[in-house]
Structure formats: C-alpha cells, structure tokens
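Below is one structure, written out as structure tokens; the observations come after it.
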There are 2 protein chains.
Amino acid sequence: MSTSGKSKPSDNQKDPRYHHGNLRRALVDAALGLMVETGGTSFSLREAARRVGVTVNASYRHFRNKDALMVAIAAEGFRRFSQALMDGAATGSSARDRLLGSGRAYVRFARANPSLFRLMFGSVSAGDAGREDEELVLAGSAALDVLKSGLAAFMNKPPESPAVTVAALRAWALAHGLSYLLLDGQLAHLPLDPDALIDQVISADV
Amino acid sequence: MSTSGKSKPSDNQKDPRYHHGNLRRALVDAALGLMVETGGTSFSLREAARRVGVTVNASYRHFRNKDALMVAIAAEGFRRFSQALMDGAATGSSARDRLLGSGRAYVRFARANPSLFRLMFGSVSAGDAGREDEELVLAGSAALDVLKSGLAAFMNKPPESPAVTVAALRAWALAHGLSYLLLDGQLAHLPLDPDALIDQVISADV
DNA sequence: TCCTTATGTGTACAATGCTCACATTGATCC
DNA sequence: GGATCAATGTGAGCATTGTACACATAAGGA
C-alpha cells in the first residue's frame, strides 16, 4: 500500500506537505488579506509567505518578484470587479436600469475594497510589469467591456461605434472619478448619503 | 570678525554649512525628483537625504516619519495643482470657456505629473497621516474650490447652492476619472488624440 | 559669555526584497 | 520497482531601508 512511514499529504489538515498544492493562489489571498488589514496598497512579501506557512523564497517559484505578485492580485481584483459589474447590471430589467446598476456596482466595489481598487488602478498595474502581463490586461479590458456592452444596449448601437465608445468613456470616467473621490474621503464633508449621491450623479448622465 | 578658521555658510556654493537653510523644502524637492525618475509613487528616504547631502536622520528633525514627508509632497502637489487649474481657467473669456479651461488643465496636470498626481490622491494622503495634516487638507480643498467657483460663475448661482455642489461633483468626478484612465494607459487603444478626447468628454457635460 | 534650542551626525537594529546553493517531492521512463 | 529529472521548497546571506538613541555642532538671546 501507499501508506509509508512518512506523512501523506492528507495525514494532517495543517498542510504539512512539502508541496503546497496551490501556493500561487494562497499567496495572492494572503497578500490581499494583509492589504485589507493594513488599509494601504502595500504589504510584506515575507509576511505573506509566513502566513501561508512557507519560506519567502518559495514565492519566487511562482512570481518573478514582488511586483509580479501585485500584478496577480490586481488581475484577481479585476476579475471580481467584472463580476460585480455584471451582478449590478443583472438587478435591472430595462437597459437603462441595467446600466445604472453597473454604475452603482462600480462605486460600491471601490468603497467595499478600497485597497484592492487602489492597487488595481495603481502605478504597479500601470507600469511595465502590468502592461506586459497578459492576464492583467485581459482582466482589465473585460471590465470595460461590461460597461461598453451595457451602454451599447442602452443606446441601441453597435458596441464599437464611436458614439458608444465616447459615451462609455464618459460613463467610465464618471464612475471612476466618483469612486476615487469617495475613497479619498474628499466628499466626507458633504451631507449626502453616498448611495444617494451615486444615483444623483450617475443618473443625470443617462 | 566673524571669519573664523572654520568655513562660513557662504564660503562654498556646495552647501558645506552645518545648517542647511531649508532642509524641509530640499527634501520635498529631492523626493519629488526621485519619484519622477522612478515613475512610481515610492522613493527612498535615505536616497533623498543623500541627494540633499545630509544624513537620513537629519530629515527626522523636519518630518516625523516617511509618511509625513509624503504628505508634505502631496500638499505641495495640491498647491501646484490649484495654480494649474487657475491658470487653465484664465485662458478663457466666457464663464463656460473658463470652466472648460480648468477641466483641460486638470487632465493635463495629471498627465504631466503622473507620480505626483497618484501620490496626491493615493492611500497615504487618504490615510490617517493625511487626514490629520492641516496643510494637506487645506491645499486639497483649495483645489476643489477653484472648480466650484468656476461652476458657480457659469451657473450664475451661489457656490454653496446644492445645484452647484452636485454639478461640481460631477465635473470633478469626470475630470478625475478621465485623468486616471489616461494615466493607467487604459485608453491607449483608442485612436484618439488625448487633448481632443478631453474636450469631447468634458464639453459634452457643460 | 553662557545657556538653550534647533539642527545635524554616528551607530545600531530589525525588517525587507532578492540571490545563490542545496534539499525534497512527485511524476515519468526503463 | 528503481533511476531520472523538472517542479517546488529550504537555508544562509547580502544590500538597503525606516527608525531610534545618544551625542555634536550651530545660532541666537540673556
């Protein structure tokens, strides 16, 4: 039988096995957790590895360097983001409501995941490391496509038409800017409910 | 006489004097330079001090820690930003043109100073260190006031009226979002001239 | 002139990102 | 089965960083 004297992978729940199984994913999750706890966009590679129960150097088998890990986190963020946008759109029945739903979801996502949102649109993602990462680029453009197709449906025009492109850009910029301003607390002095604010600002546009 | 054997402050142009004169300012400038060279939002406190020709610890006489330096840089950024917005407004004659001028200046500033812009609206400024810094808060709200007063003039209403507040918010969000999208290179695939894009997106709103 | 405060230096420490050499694992081929 | 080998992990070590503490020097008023 295969039950040798040495411990098998399933002998212990505390992951005593040499090979982790999916270190890459575990590191992304751990780093994300650290960011949430800190509130900022930065984290310690060593600390993340420590949490996973692995040496720092093990992470270098899955990521070329720390920036690469951050890019992976950003990509994961964009995937969740796209999903959130689609879920938001699904709440509406008319094309207009679906569009508004995405807009609300956009801002809500930013407010719910400030660190992740900042990382996704931060300098690392925009830098060389991010632009050369196919996974990130793909996940990023997928998010825009959700908005774009929503607008195309609303405007009843092909998604690639110039009118839709510019309109999508406007809508995107609006949601994006509003998200950031809320994150920065720069709207804290306004006596308005954030959710109401979203509707007021966004709905005036469409 | 005051000419002792030791070197006087003015004996040498290379700043041999013990007391630097304005280390605080010099450190801000050096750090800003480093950020520009790196392209990112981060820099090394030690490297900045090195450039100024001073020990790292000297900087702790002027800033409680590195975050404090970053906050000071952000504040300086907001001051330049306000000036840029005012300059942009000054190019127009009508209220509408002045408003558009600010909008263009907003986006142009972001594109011209990506690192600084990111720092200004980054997590450090939004965090505790930033919110508790009077200088930053003041400089930040001054920038918004430029937009607000411009809109108030255009709408011919008092700056504090609800209509102006919401409109300013929309305009701000639009410019802010557009700036970020451009910085992130997320609009690079569009076959549009950025400057034309600005006008197209902004002018449709007012 | 002395004393005080502001400003700077020197030494030191823990933490971090990263590199290189080595160890272990698990699948594949004979 | 056992040998082979790439994938995956460990360990020691290095330069750099942010920060703290004790001390040195400068500048200016009593």
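Just so it is clear: chains get the letters A, B, ... in the order the sequence lines come, proteins before strands, and each one is counted from 1.
Separating the CG atom of B:L34 from the P atom of D:dT17 is a distance of 10 Å, rounded to the nearest angstrom. Distance CD (A:E47) to P (D:dT17): 22 Å, rounded to an integer number of Å. Whole-Å rounding puts the A:F43 CZ to C:dT16 P distance at 12 Å. The OH atom of A:Y60 sits 17 Å away from the P atom of D:dG11 (whole-angstrom rounding). A:N22 has its CG atom 10 Å from the P atom of D:dT8, to the nearest Å. As rounded to whole Å, 7 Å separates atom P of C:dG17 from atom CZ of A:R46. As a whole-Å value, the separation of A:K66 NZ from C:dT16 P is 9 Å. When rounded to the nearest whole Å, the span between CE of B:M70 and P of D:dT19 equals 11 Å.
Of the candidate nucleotides D:dT10, C:dG10, C:dG17, D:dT10 has the atom nearest to the side chain of A:A58. Of all nucleotides listed (C:dA12, C:dT9, C:dG17), C:dG17 comes nearest to the side chain of A:L45.
Residue A:F63 is classed as having no contact, given no heavy-atom separation below 4.0 Å to the nucleic acid.
Side-chain rings of B:Y180 and A:F121 stay apart, their centers remaining 6.0 Å or farther from each other.
In this structure, the side chain of B:R131 engages the main chain of B:A126 through a donor-acceptor pair within 3.5 Å. The backbone N or O of A:M120 lies less than 3.5 Å from a partner atom in the side chain of A:S125, making a donor-acceptor pair.
Here A:S44 reaches the OP1 or OP2 of C:dG17: one of its side-chain N or O atoms lies under 4.0 Å away. Under 4.0 angstrom from either OP1 or OP2 of D:dT17 there lies at least one side-chain N or O belonging to B:R50.
Residue whose closest nucleotide on DNA chain C sits further toward the 5' end, between B:V56 and A:N57: B:V56.
A:R51 has a carboxylate O that lies under 4.0 Å from a charged side-chain N of A:E37, or vice versa, which qualifies the two as a salt bridge.
We find the NE2-CG distance between A:H176 and B:D184 to be 5.5 Å, quoted to the nearest 0.5 Å.
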